[in-house]
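Worksheet: one structure, shown below.
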Number of protein chains: 4
Amino acid sequence: MSTARRPTEERRQQIAEAALRIISGKGVHRLTAQELGREVGIADGTIFRHFKDKAEIVRAAIAHLEGVLFEQFPPQAEDPLERLRLFFVGRLTLVQRMPSVFLAAFSDRLEEAAGEDAGAVRSIIERSQAFVRQCLTEAQERGQIDRRLSPDALTLMVVGTLQAAAFGHRRGALKSQLDPTTVWQTIEIMLTLGAKK
Amino acid sequence: MSTARRPTEERRQQIAEAALRIISGKGVHRLTAQELGREVGIADGTIFRHFKDKAEIVRAAIAHLEGVLFEQFPPQAEDPLERLRLFFVGRLTLVQRMPSVFLAAFSDRLEEAAGEDAGAVRSIIERSQAFVRQCLTEAQERGQIDRRLSPDALTLMVVGTLQAAAFGHRRGALKSQLDPTTVWQTIEIMLTLGAKK
Amino acid sequence: MSTARRPTEERRQQIAEAALRIISGKGVHRLTAQELGREVGIADGTIFRHFKDKAEIVRAAIAHLEGVLFEQFPPQAEDPLERLRLFFVGRLTLVQRMPSVFLAAFSDRLEEAAGEDAGAVRSIIERSQAFVRQCLTEAQERGQIDRRLSPDALTLMVVGTLQAAAFGHRRGALKSQLDPTTVWQTIEIMLTLGAKK
Amino acid sequence: MSTARRPTEERRQQIAEAALRIISGKGVHRLTAQELGREVGIADGTIFRHFKDKAEIVRAAIAHLEGVLFEQFPPQAEDPLERLRLFFVGRLTLVQRMPSVFLAAFSDRLEEAAGEDAGAVRSIIERSQAFVRQCLTEAQERGQIDRRLSPDALTLMVVGTLQAAAFGHRRGALKSQLDPTTVWQTIEIMLTLGAKK
DNA sequence: AATGAATGAGGCTTCATTCAT
DNA sequence: TATGAATGAAGCCTCATTCAT
C-alpha cells in the first residue's frame, strides 16, 4: 500500500502479484486497472506506465504463477515412483494451502484474459503433465507398474486427481478427506498391485 | 429467425439454449444481450421481457446444461461397477463429442456470470460426484474393490480423470489417446486387482 | 437539440453534420464523442449505437462534405472556359459563404482523423482538380488558350487560387478583395491573351 | 543521445527542431513529451524544464519553421519580376525537397497546437504574401504587367500556385510535372503577354 | 539540469438495462 | 410482446504536467 515512488521493476512485481491475487481471489472480471491500482496504491492510469497494456499484466501474472507452481521442480529422486510421490504430495499440499492460485492454472477466465498468450497458461499445465507421464512410463519400464495399464490413462488419472481436488476445494467440499498422504497411498497401491506378481 | 411473437416459455428456452451455445462456443465475454438477440432472432432489449436480468439468463443456461449432462441418468445396472462403467464411458464420450459443453460445468466464467446463484453450477458437479462415490462404496462393500483404497480418493480419481480429459481437449492435446473404453479398462483393472485374491 | 428518439438514419445524418460543423468550426481535436453528443442532444456513448467507431463518423462527415462541394457538379456548358468559369465562381462564392467547410477539404487534421480512409479526402480534391484540368486542356485544344502554357501549371494556378482564397479567409484577410467575378476576369484575361493572335 | 546536462538555450533549439521534425513527419498527434524526449535524448519530464508547456514548444517550432522558410529572404534584384522569379522558383524547389516542412505552414494542426498564439503561423504566410504582392504591384507600375489584371487576384494566383503544388505533393500526385522553371515560365508568359503590345 | 514515477483529466468504446413507441 | 434508441456506469488507455529524488 505504499504511496511512495518505486522503481518500475519493483512495481511490476507488485502489480503482477496483485494481479494473481485478484484473479484467484475475486475473479478475472475484477482484474481492472482501478482494482490493481487500489491494491498497489497508485492511480489506475499509472499502471500503464509499468505495463504496456492489460494483456501484458496478465502475462506477468501467469509468469508469477509459474514461479509459484514450479518453485522446487522437478523433485529429485532415483526411483520414478518416489519422484512422482514427491510431486504429487507437494502439489496436493499446495492445493490445500492456496487452492485459488492452483485453480488459476485451469481458469478459462485467465486463459481468456491472456488473449494471444493463452499458450502460456497451457504450457504450465503441460509441463506438469509431461513430468507425470515421464515418471509413470519409467516406472512401468522398471516393472513397478502393471504393463496392461495405459500410460496415457494413468497420466490422466494422476493429474485429474489433483484437478478434482482443487475444484473440490473451490466448491468448499471434501476439505477434510484430502490428506495428501492418504490419497497418494491409494494411488500407489493401485499402481503397484498388479506388478507385485 | 422469426420476428413473430412467442409465448415467454418458448422464448426462455430459446434464449437459454442460445446462451449456453454462446458461452461454450465463444466465451462468456461474448454473452451480451445483442449477441443473444442475434442468435435468437429478436432485438436486444426484448431479451429483458423474458428475463429479469443477465444473471437469470445464465441460471437458465446452467439448468439447460444440467438437462444435457444428466439426460439418461442414472444408468441402470445391478452391478455398481457396471453402473460406473456406463456412466464413465458415457461421459467420456460426451467430452469428446461436445467438449465445450462439458467444460462449461467447470467454467469459472460461467460460475462467475451466475452471480449469487453460482451454486447451481456446483450442484451439477456434486451430483456426478455423489453418484460416482455411491458406486464405488457399494462395490467396495461387495468386495469388488480392495478395502485399503480410500473411497474419497477413488472418487477424486474417477471424477478427476474425466475432468483432465476435458481440459486436455481444451488444450487440443491427447485427442487420440482418449478411447473411452481403454481408459475405463485401465481404471477397472486397478480397482479390481487387489480384490481378486 | 432534440432529446427525443430518432431513427438511426436520421441520427447518422445529424451526427455527420455535427461532425463537419465541429471539425471546420472548432478543430478536429474538439471532435469528441462528448462534443458530438452535446451537439446532437444525446449521451456520448449513444453515438456508437449509430456509428461503429469514430473513424466511421469522420468518414460520414467527409461524405457529407463531398455532398456540399459537388452539389451541382459538373456545371453544364458547351464552352470549356464557360464551364470552368461556372465552377470557379461557384467555388469562390462557396469559399466566401462557408470558408471553414471548404477548408476542411484541405485539412490535415481531417485527413489524419480519417485514418485508413484518408484517401476519401484526397479524392475530393482530385475530383475538382481533374475537372479543372479537363476544361483547360479542352480550351487549349480549341485554341482558346496559348499553346505555350503548360496545362499542369495552369491547373495548379486555378486550383491554387481557390485554395489561397480559402486560406486567406481563414487568416481573416483579403475578405473584401475577393469578388469572385473580378478574380475570374483576371484569370480569363491571362488565359486568353496569348491566343487572340 | 547524450544524457549530459545542456544549457537551456541549446536544449530549446534541439527541442524546437525535434518538434518540427515530428509534426511534419509523423503528425501532431505524435508530438508528445515522450516522443520529444526520445528524439532529443532526455526524459519526458525534463522537457518541461525548458518549456513552460506544450504550446510554448509549438511556438518555438513555428519560429524555427520561419527561420527555414525565410533563410535567404528577400531575394535581391532590381527588376521586380526577377525578384518574384527568384522567390517563386526557390520556394517551389523547397516544396519539392521538403514538402512536409512547407506544408506545416498551412497546417491547421500546427495552428491548433499553437493555442492562443496561432497568429504566429499566419504571420509566416502573410510575410510571403506581402512580398509577392509588392513585386506584382511594382511590376505593374513599371508597365510590365497588363493594367487590367487585379493585383489582389494575381497575388492569390501566385501564392496559390505554390500552395497547390505543396498539397499536390502531400497527395503524392503531380510529382513529375512540377519543374519549377516550367511553372514559372507559364506564369511569366501570362503576366507579361498583355503588356508586350 | 535530469530523472521518471505519479497524477488527473479526458477520450473511446462496450454493455446491461430502461422506456417511448 | 417487440423494437431499438437512449442512458450511465465502467473499463482501457493516453498524455500534459508535477514533483520527489
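These figures come from a predicted structure and were not determined experimentally. Per chain, numbering begins at 1; letters A, B, ... match sequence-line order.
Distance CD1 (I57(C)) to P (dG11(E)): 14 Å, rounded to an integer number of Å. What separates CD of E56(C) from P of dT13(E) is a distance of 10 Å, to the nearest Å. If you take CD of E9(C) and C1' of dG4(F), they are 14 Å apart, rounded to a whole angstrom. In this entry the distance linking CZ of R12(C) with P of dA6(F) reads 14 Å, nearest Å. When rounded to the nearest whole Å, the span between CZ of R49(A) and P of dA5(E) equals 6 Å. Atom CZ in F51(A) sits roughly 14 Å away from atom C1' in dA5(E) (whole-Å rounding). Rounding to whole angstrom units, CD1 of residue I15(B) and P of dT17(E) are separated by 13 Å. What separates CD1 of I42(A) from P of dA20(F) is a distance of 18 Å, to the nearest Å.
Partners of Q34(B) by side-chain hydrogen bond (donor to acceptor under 3.5 Å, both in side chains), not counting sequence neighbours: none found. With sequence neighbours excluded, the residues satisfying side-chain hydrogen bond (donor to acceptor under 3.5 Å, both in side chains) with E10(C) are R6(C). In this structure L69(D) satisfies the side chain to side chain contact (heavy atoms under 4.5 Å, CB included) test together with L65(D), R91(D), L94(D), F102(D), A105(D), I124(D), sequence neighbours excluded. Here R30(C) pairs with nothing under the side-chain hydrogen bond (donor to acceptor under 3.5 Å, both in side chains) rule; sequence neighbours left out.
The phosphate of dA2(E) has OP1 or OP2 within less than 4.0 Å of a side-chain N or O from R11(D). Side-chain nitrogen and oxygen atoms of H50(C) include none within less than 4.0 Å of the OP1 or OP2 phosphate oxygen of dG4(F).
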Please list, for nucleotides 11-15 of chain F, all pairs of protein and nucleotide N/O atoms separated by less than 3.5 Å.
from	atom 1	to	atom 2	distance (Å)
dC12(F)	OP1	K54(A)	NZ	2.8
dC12(F)	OP2	A33(A)	N	2.8
dC13(F)	OP2	K54(A)	N	2.9

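Residue I47(D) comes nearest to G37(D) through the heavy atom pair CD1-N, 3.9 Å, listed as atom of the first residue, atom of the second, then distance. When all heavy atoms of A61(A) and I23(A) are compared, the closest pair comes out as CB-CD1, 4.3 Å.
A donor-acceptor pair is defined here as one N or O able to donate and one able to accept, closer than 3.5 Å; no such pair exists between the side chain of K54(A) and the backbone of F48(A). Under a 3.5 Å cut-off, the side chain of T46(B) and the backbone N or O of I42(B) do not form any donor-acceptor pair.
In DNA chain F, runs of at least 3 consecutive Watson-Crick or G-U pairs, each pair with both distances below 3.5 Å, span E:2-21 with F:2-21.
Salt-bridge annotation for R12(D) and E56(D): present, with a side-chain N of the basic residue lying under 4.0 Å from a carboxylate O of the acidic one.
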